[in-house]
Amino acid sequence: MVDPRGYMTYQPFLAEAVGGTIEPRHVVAPLNRVLKGARVLTGHVTRVFHETRTARFQPVQGPARTLTYDVLVMAAGSITRALPIPRLAEHAVGFKTVGEAAHLRNHVLAQLAAAASTDDPQVRRRALTFVVVGGGSRASRRWPRCRGWPTRPCATTTGSRPPS
């Protein structure tokens with residue numbers, strides 16, 4: 001099996017990782033442990049030659065090489081799609097990887113700390129305003145699992161009462 005990361009992300013659990021219910025390491029599983037008996041190669045297939053049942057493989061490090069196959073299954077995967085909304089691409093954070101979940105958690109914690117550190121109601125309101133765009137029904141089910149934690153980290157990281 002060829003995969004660009006070599007691990008699988010349990011995307012439904014990303015919200016719990018953002019909210020701190022579970023640790024980010026519990027959201028991923030190395031493919032070589034999940035797919036017992038399979039050889040997992042980290043990299044990309046750059047070309048497929050059906051007539052010879054071979055594929056050109058580019059590992060993450062090192063020179064490209066040719067792989068042979070009996071059966072070829074190609075799965076395209078998914079990417080975060082930026083909708084045509086002004087300034088969304090510059091300011092949005094995706095929600096498909098552990099890195100994006102960690103970035104989102106850190107951003108929210110920073111905003112909570114900023115809100116708890118100011119007496120200016122406009123600054124506080126701006127720091128505590130979050131917008132969720134897209135994602136359909138899956139995002140609407142995930143986001144509430146992130147929302148339950150903001151007052152806890154605010155009180156513990158700033159030593160003050162949660163902002164009202």
Checklist line | Note, R65 side chain near L41 side chain (heavy atom, < 4.5 Å) | finding: yes

Margin query: If you compare all heavy atoms of A55 against all heavy atoms of V45, which two are closest, and at what distance to 0.1 Å?
Written below: CB-CG1, 3.9 Å

Check: Going through the checks in order, is the side-chain contact (heavy atoms from CB on, under 4.5 Å) test met by V108 and V18?
Finding: CA-CA 9 Å; V108 171; V18 169; 5.7 Å; no

Item checked: R56 and T66 side chains, donor-acceptor separation under 3.5 Å -> yes

Notebook entry, point to check: Where do P4 and V60 come nearest, in terms of heavy atoms and distance?
Noted result: O-CG2, 4.3 Å

Next item on the list: Spell out, yes or no, whether V40 and Y69 are grouped together once hydrophobic residues are joined by side-chain heavy atoms under 4.5 Å, including indirect joins.
Entry: no

Margin query: On a heavy-atom basis, which atom in Q11 and which in K96 lie closest, and how many Å separate them?
Written below: NE2-O, 3.2 Å

Next item on the list: Heavy atoms only: give me the nearest P24-A17 pair and the separation to one decimal.
Entry: CA-CB, 4.3 Å

Margin query: Side-chain heavy atoms nearer than 4.5 Å, only ILVMFWY residues, links allowed to pass through others: does that put F13 and V34 together?
Written below: yes

Notebook entry, point to check: Got T54 and L67 here, is their nearest side-chain heavy-atom distance under 4.5 Å?
Noted result: no

Next item on the list: Consider only side-chain heavy atoms of I, L, V, M, F, W and Y, link residues closer than 4.5 Å, and tell whether L35 and Y10 are in one cluster.
Entry: yes

Note to self: Any side-chain to backbone donor/acceptor pair from R124 onto A115? Under 3.5 Å, distance only.
What the structure shows: yes

Check: Under 6.0 Å from the CD atom of E90, do we count more than 12 heavy atoms belonging to anything else shown?
Finding: yes

Check: Do you know which two heavy atoms are closest between T97 and E100, and how far apart they sit?
Finding: OG1-N, 3.0 Å

Next item on the list: Indicate yes or no for a side-chain donor-acceptor contact from Q58 to the backbone of G62 under 3.5 Å, with no hydrogens or angles considered.
Entry: yes

Check: Going from CG on D3 to CG on N32, what distance comes out if it is rounded to the nearest 0.5 angstrom?
Finding: 11.0 Å

Check: From R53 CZ over to D70 CG, what is the distance, rounded to the nearest 0.5 angstrom?
Finding: 6.5 Å

Checklist line | ILVMFWY cluster, F130 and L104 together (side-chain gap under 4.5 Å) | finding: yes

Margin query: Side-chain heavy atoms nearer than 4.5 Å, only ILVMFWY residues, links allowed to pass through others: does that put L14 and V93 together?
Written below: yes

Check: Rounded to the nearest 0.5 Å, what separation is found between the CG atom of L109 and the CZ atom of R105?
Finding: 5.0 Å

Item checked: Point-to-point distance, once rounded to the nearest 0.5 Å, from NE2 of H107 to NE2 of H103 -> 7.0 Å

